[in-house]
Chemist: 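Attaching a single structure in structure tokens format; questions to follow.
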Amino acid sequence: GVVINGGPGKLDLREWTVFHSCFDMAGAPMSPVVPGQSLFAEEYQSKMAAMQLRERLKAIDEPAALSQGHVWWGLPQLVAEIRHGDWSVLAWGTEEARWWLQVRSKLTTRTLWQRARRRVQETS
């Protein structure tokens, strides 16, 4: 996860987040990551709970992506990084979210985001 204005930038690897698109297994099905889309985030999971959820999703052929930890950014640091061009905002629909869930574990983070940007730009 990402915490904005949560103090000085720091990385915390103790918690896990599971991203998925299964309404029936969502902890808060009425609160998807993006309103109107089928992308859910199960946050603050232990490693064991995250792995178990991923296996349950896999058993019903639902893609899932795990993310370890979260990062905090102080607002001044985030503003500086945006001005420097280190951040971008991409509009994703259900199709892009499902693609991301399916390829997340197969690519390096850098390659994943390069392909994701290209994919969104090609459909815009």
Side-chain angles (χ1 to χ4, degrees):
V2 174
V3 177
I4 305 297
N5 213 19
K10 72 175 197 174
L11 177 64
D12 183 340
L13 297 174
R14 293 173 291 177
E15 298 166 346
W16 290 70
T17 301
V18 180
F19 294 96
H20 64 92
S21 59
C22 183
F23 182 88
D24 293 335
M25 293 185 77
M30 302 313 291
S31 299
V33 173
V34 178
Q37 302 294 323
S38 295
L39 178 62
F40 304 99
E42 309 305 327
E43 299 177 288
Y44 309 113
Q45 303 287 308
S46 68
K47 182 178 181 179
M48 182 180 291
M51 300 295 179
Q52 289 171 345
L53 177 55
R54 180 177 63 181
E55 289 306 312
R56 290 196 316 269
L57 289 161
K58 186 177 178 181
I60 59 171
D61 205 28
E62 284 285 342
L66 274 62
S67 176
Q68 182 183 9
H70 62 270
V71 179
W72 296 7
W73 275 270
L75 191 53
Q77 177 186 356
L78 181 60
V79 169
E81 290 180 12
I82 290 170
R83 285 186 179 141
H84 187 257
D86 295 338
W87 288 80
S88 60
V89 177
L90 304 173
W92 281 14
T94 302
E95 182 180 324
E96 288 81 12
R98 285 193 69 80
W99 169 84
W100 184 80
L101 288 170
Q102 290 170 343
V103 301
R104 172 68 180 102
S105 63
K106 300 172 188 166
L107 302 172
T108 65
T109 300
R110 179 181 301 274
T111 301
L112 175 69
W113 289 114
Q114 287 172 343
R115 289 188 186 176
R117 277 192 211 102
R118 196 170 347 151
R119 184 177 170 89
V120 170
Q121 291 167 347
E122 288 171 358
T123 59
S124 298

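Fair warning: this is a prediction, and the values are worked out from it, not measured in the lab.
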Chemist: Should M51 and L66 count as side-chain neighbours, where that means a heavy-atom distance under 4.5 Å?
Modeler: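 Yes, at least one pair of side-chain atoms sits under 4.5 Å.
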Chemist: Measuring from T17:OG1 to Q45:CD, what's the distance to the nearest 0.5 Å?
Modeler: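 The CD atom of Q45 is 8.0 Å from OG1 of T17, to the nearest 0.5 Å.
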Chemist: Where do A49 and S46 come nearest, in terms of heavy atoms and distance?
Modeler: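 Scanning both residues completely, I find the closest heavy atoms to be N-OG, 3.0 Å.
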Chemist: On a heavy-atom basis, which atom in S21 and which in S38 lie closest, and how many Å separate them?
Modeler: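 Closest approach of S21 to S38: CB-O, 3.0 Å.
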Chemist: Count I, L, V, M, F, W, Y as connected when their side-chain heavy atoms are under 4.5 Å apart, and connections chain through other members. Are F40 and M30 then in the same cluster?
Modeler: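 Same hydrophobic cluster.
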Chemist: Using atom types as modelled, flag every donor-acceptor pair under 3.5 Å from a side chain in residues 54-61 to any protein atom, sequence neighbours excluded.
Modeler:
none

Chemist: Could you work out, with salt bridge (Lys or Arg N to Asp or Glu O under 4.0 Å) as the rule, every residue matching E62, not counting sequence neighbours?
Modeler: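 Salt bridge (Lys or Arg N to Asp or Glu O under 4.0 Å) list for E62, sorted by chain: R98.
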Chemist: Do L39 and M25 land in one hydrophobic cluster if side-chain heavy atoms of ILVMFWY residues count as linked below 4.5 Å?
Modeler: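 No.
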Chemist: Atom CD of Q68 and atom CD of E15: how far apart are they, to the nearest 0.5 Å?
Modeler: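 The distance works out to 10.5 Å.
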Chemist: My understanding is that only residues two or more places apart in sequence, or in another chain, count here; which of them pass side chain to side chain donor-acceptor pair (under 3.5 Å) with E81?
Modeler: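 With neighbours one apart ignored, the set is W73, Q77, W87.
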Chemist: Might you point out which heavy atoms bring A50 and W16 nearest each other, and give the distance in Å?
Modeler: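 Taking A50 first and W16 second, the nearest heavy atoms are CB-CB, 3.7 Å.
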